[in-house]
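Reading through the structure tokens given below for one structure.
The residues of the chain are indexed from 1 along the displayed sequence.
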Amino acid sequence: MIEPQEQIDRKAIVVWRWSGFISSAVSALLAAAVFYLAHRFHWPGWIPVVLAAGVLAEIVLTVLVMPELRWKRWRYEVREDEIMLQQGVMFVKRTLIPMVRIQHVDTHQGPLLRAYGLAGITFSTAAGSHQIPALTSETAEVLRVRIAELAKVSHEDL
């Protein structure tokens, strides 16, 4: 199968790092609460050690390692009659969505994406929804309109 040609915006790496940092901070707060309880109630010493190792591993993976790898693998291509998506780090998933199946197209932008001038596109079919996670806001809007037009043309042909 031919690999899709388009990459998402490189600023996605920074957004994913911030997201990983936020989730790791929550894990660290929960681990701190367990540290306190372990000290207060004299739990075995291995419990805080295992938690600290787990939080450290989460920080390394979600903040330092995975964002770059995710960005390198994420590809998409919008063609006249289909959309090709490729994602995954260890297990690469390739999805082919026919335009005739697309029912709805949206752009979305949370606080982190907005801070970096990015937006995502979500398109829905009867079987579920798919997304392209991080494009410049302008690219996302142009692509949303293009997908909507191609999907409408395909439906009129039926």
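- Between His130 atom NE2 and Phe123 atom CZ the span is 7.0 Å, to the nearest 0.5 Å.
- Contact annotation: the side chain of Glu80 approaches that of Leu150 to within less than 4.5 Å [non-hydrogen atoms, C-beta and beyond].
- The pair Glu149-Arg146 does not meet the salt-bridge criterion, since no charged nitrogen lies less than 4.0 angstrom from a carboxylate oxygen.
- Other residues, nucleotides and ligands place no more than 12 heavy atoms under 6.0 Å from the NE2 atom of His39.
- Side-chain atoms of Pro133 and Trp16, non-hydrogen and from C-beta on, do get closer than 4.5 Å to each other.
- From His42, atom NE2 reaches atom CG of Leu37 across 12.0 Å, with rounding to the nearest 0.5 Å.
- Taking each heavy atom of Gln131 and Leu85 in turn, the nearest pair found is O-CD1, 4.1 Å.
- Here the side chains of Ile59 and Phe21 are not in contact, with every heavy-atom distance at 4.5 Å or above.
- In this model, a donor atom of one side chain and an acceptor atom of the other lie less than 3.5 Å apart for Gln109 and Ser137.
- In this structure, Ile2 and Met84 approach most closely via the heavy-atom pair O-CE, 2.9 Å.
- No salt bridge links Glu6 with Arg75; every basic N to acidic carboxylate O contact stays at or beyond 4.0 Å.
- For Arg79, the salt bridge (charged side-chain N to carboxylate O under 4.0 Å, His left out) partners are Glu77, Glu82, not counting sequence neighbours.
- A donor atom on one side chain and an acceptor atom on the other are not found under 3.5 Å apart for His108 and Asp106.
- The shortest distance between side-chain heavy atoms of Phe35 and Leu51 falls below 4.5 Å.
- A 4.5 Å side-chain heavy-atom check between His104 and Thr122 finds every atom pair outside the cut-off.
- Looking only at side-chain heavy atoms (C-beta outward), Leu112 and Arg114 stay at 4.5 Å or farther from each other.
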Can you give each donor-acceptor pair under 3.5 Å made by side-chain atoms of residues 63-71, sequence neighbours left out, with the distance rounded to 0.1 Å?
{"from": "Trp71", "atom 1": "NE1", "to": "Ile8", "atom 2": "O", "distance (Å)": "3.0"}
{"from": "Trp71", "atom 1": "NE1", "to": "Asp9", "atom 2": "O", "distance (Å)": "3.4"}

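- Following chains of ILVMFWY side-chain contacts shorter than 4.5 Å, one can reach Ile147 starting from Trp74, so the two form part of one hydrophobic cluster.
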Side-chain donor-acceptor pairs under 3.5 Å in residues 22-31, sequence neighbours left out?
{"from": "Ser23", "atom 1": "OG", "to": "Gly20", "atom 2": "O", "distance (Å)": "3.1"}
{"from": "Ser24", "atom 1": "OG", "to": "Gly20", "atom 2": "O", "distance (Å)": "2.8"}
{"from": "Ser24", "atom 1": "OG", "to": "Thr62", "atom 2": "OG1", "distance (Å)": "3.2"}
{"from": "Ser27", "atom 1": "OG", "to": "Ser23", "atom 2": "O", "distance (Å)": "3.3"}
{"from": "Ser27", "atom 1": "OG", "to": "Glu58", "atom 2": "OE1", "distance (Å)": "2.7"}
{"from": "Ser27", "atom 1": "OG", "to": "Glu58", "atom 2": "OE2", "distance (Å)": "3.4"}

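- With hydrophobic clusters built from ILVMFWY side chains whose heavy atoms lie under 4.5 angstrom apart, Ile102 shares a cluster with Ile121.
- The closest side-chain heavy-atom distance from Lys11 to Val15 is not below 4.5 Å.
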